[in-house]
Amino acid sequence: MADFNRTPSDPSTFILMGISGLEAAHIWISIPFSMFYIIGLLGNFMLLFVVGKEQTLHKPMYLLLCMLALTDICISTSVMPNALCIFWFNLKGITVHGCLTQMFFLHSVSIIQSAVLVTMAFDRYVAICNPLRYATILTNARIAKLGLVGLIRAVLFILPLPLLLSRQPFCDNHIIPHTYCEHMAVVKMSCGETTVNKMYGLVIAFVVLGLDLMLIALSYGLIIRAVLRISSKKAHQKALNTCTAHICVMLMSYPPFFFSSLTHRFGQGIAPHIHIILANLYFLLPTMLNPVIYGVKNKELREKVVKCTCRMCFLRGH
């Protein structure tokens, strides 16, 4: 691959270096990254298409799955096209405003995704603990309103991040050793006082997302209490199976996020290239695996996907 050295020297431009220390391997690293990204897009768009086309799937649970798919698409798309331009064409320049916009969009969608996961935990709680009232408690309209609340919450909490940084003086060295504009990576480039920026970033990471985790833990605590009251082991198994996919998605979302946030602040002993690779995989692997997890665990969705796929293959054959 030809190396187009188009790195600008404009002081209003930041330079994203990609994976520091592994520049020579950028082309090889881009192969699995691009494959994960494409598979993730195909899987999530397939889920959106199937749920949109099948009237029987127009239910709160599948509306939540569509919201999760949209956040996965937005998160990976806000990072990967730019990263692949760095890997393939050495296009490392990004304007300061472009960088702050990417940061706002990336972190906002992450907060929205967390709100979706909280709502999914509540959905499972109602389905298991109050199944007779499920249809009246969780309607499509109510889920849409909860999604709107999650969107507004994300904008209100994340908007101060780029606004605070836009008022900071930046040093002459505009090099960001990363593939995207992560909040702490940009904060470290400032020559001014950044205590407020750092503290606010911690508040977002541990207060907002910590509250979300507490709500999820409360939902699952109530679910476990309800399941333990059921005498039938078969009913135990059935109730817990409905939560398996959601638990898997959470395990792929929250631990990598907190690991990435903490290593930016306190992980001086971790090699930069390890942190950057893991940070990128945090955006890629959930996007790729979430549709697979729900497709495998949800029989109704799996059957509809197979039906739509067979129908498309039949029409193409004729």
Side-chain angles (χ1 to χ4, degrees), residues 1 3-9 11 13-37 75-76 78-96 98-100 102-107 110 161-162 165 168 170-192 194-195 197-202 204-206 209 252-287:
M1 184 74 66
D3 183 13
F4 300 101
N5 190 10
R6 299 177 188 173
T7 300
S9 57
T13 302
F14 288 151
I15 301 169
L16 293 166
M17 293 304 295
I19 303 176
S20 301
L22 295 177
E23 288 84 358
H26 274 177
I27 294 296
W28 297 108
I29 294 169
S30 72
I31 296 172
F33 276 26
S34 57
M35 286 177 60
F36 294 161
Y37 177 56
I75 286 175
S76 59
S78 66
V79 172
M80 284 318 299
N82 197 50
L84 292 175
C85 283
I86 295 170
F87 294 156
W88 291 341
F89 309 115
N90 203 34
L91 295 173
K92 299 179 178 181
I94 184 170
T95 64
V96 173
C99 186
L100 295 179
Q102 184 191 47
M103 184 182 71
F104 169 75
F105 190 72
L106 179 61
H107 292 299
S110 296
L161 292 180
L165 277 171
Q168 287 285 337
F170 291 104
C171 304
D172 292 336
N173 184 6
H174 281 200
I175 295 174
I176 302 177
H178 217 303
T179 55
Y180 61 91
C181 293
E182 203 276 339
H183 175 242
M184 279 305 299
V186 181
V187 168
K188 289 177 181 178
M189 297 178 59
S190 173
C191 297
T194 59
T195 303
N197 302 74
K198 292 176 182 177
M199 291 304 297
Y200 190 75
L202 281 173
I204 296 296
F206 291 96
L209 296 183
M252 288 192 300
S253 297
Y254 286 110
F257 173 83
F258 284 110
F259 173 81
S260 181
S261 296
L262 288 171
T263 50
H264 253 307
R265 291 169 174 85
F266 313 113
Q268 286 80 10
I270 298 175
H273 64 273
I274 297 295
H275 171 245
I276 295 168
I277 289 173
L278 290 176
N280 280 274
L281 290 176
Y282 158 63
F283 296 119
L284 287 172
L285 292 182
T287 299

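Values below: all heavy atoms of this structure, side chains included; hydrogens, waters and symmetry mates excluded.
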Steps toward side chain to side chain contact (heavy atoms under 4.5 Å, CB included) verdict (Met80, Asn280): CA-CA 8 Å; Met80 284 318 299; Asn280 280 274; 4.2 Å; yes
Ring pair (Phe, Tyr, Trp, His ring centres under 6.0 Å) involving Phe283 - partner list, sequence neighbours excluded: Tyr180
Check against side chain to side chain contact (heavy atoms under 4.5 Å, CB included), Phe87 and Ile27: CA-CA 6 Å; Phe87 294 156; Ile27 294 296; 5.5 Å; no
Under a 3.5 Å distance rule, please check whether [X] uses its side chain to pair with a backbone N or O of [Y] as donor and acceptor.
| X | Y | answer |
| --- | --- | --- |
| His26 | Ile19 | yes |
| Thr194 | Asn197 | no |
| Gln168 | Ser190 | no |
| Gln102 | Ser78 | yes |

Atom CZ of Phe257: over 12 foreign heavy atoms under 6.0 Å: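 Check passes, neighbour count above 12.
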Heavy-atom pair of closest approach, residues Pro32 and Trp28: CD-O, 3.1 Å
Closest heavy-atom pair and its distance - Phe170, Val186: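 Between these two residues, the closest heavy atoms are CE2-O, 3.8 Å.
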With Cys181, the side-chain contact (heavy atoms from CB on, under 4.5 Å) member among Leu16, Leu100, Val96, Asn82: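 When Leu16, Leu100, Val96, Asn82 are each tested with Cys181, the side-chain contact (heavy atoms from CB on, under 4.5 Å) holds only for Leu16.
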Partners meeting side chain to side chain contact (heavy atoms under 4.5 Å, CB included) with Pro81 (sequence neighbours left out): Tyr37, Thr77
Parallel, tilted or perpendicular: ring planes of His178 versus His275, cut at 30 and 60 degrees: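 Judged by the thresholds at 30° and 60°, the geometry between His178 and His275 is perpendicular.
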Aromatic plane relationship, Phe258 with Tyr254 - under 30° parallel, 30 to 60° tilted, over 60° perpendicular: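 Aromatic pair Tyr254/Phe258 classed parallel.
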Working for side chain to side chain contact (heavy atoms under 4.5 Å, CB included), residues Leu22 and Ile276: CA-CA 11 Å; Leu22 295 177; Ile276 295 168; over 6 Å; no
Gap between atom [atom2] of [Y] and atom [atom1] of [X] - 0.5 Å precision:
| X | Y | atom1 | atom2 | answer |
| --- | --- | --- | --- | --- |
| Leu285 | Ser253 | CG | OG | 11.0 Å |
| Lys92 | Thr13 | NZ | OG1 | 14.5 Å |
| Ile204 | Ser110 | CD1 | OG | 11.5 Å |
| Thr95 | Phe14 | OG1 | CZ | 9.0 Å |
| Leu284 | Ile75 | CG | CD1 | 11.0 Å |

For residues [X] and [Y], determine if any side-chain heavy atom of one lies less than 4.5 Å from a side-chain heavy atom of the other.
| X | Y | result |
| --- | --- | --- |
| Met35 | Ile31 | yes |
| Phe33 | Leu281 | yes |
| Ile176 | Cys99 | yes |

Full working for side chain to side chain contact (heavy atoms under 4.5 Å, CB included) between Met103 and Leu161: CA-CA 8 Å; Met103 184 182 71; Leu161 292 180; 4.2 Å; yes
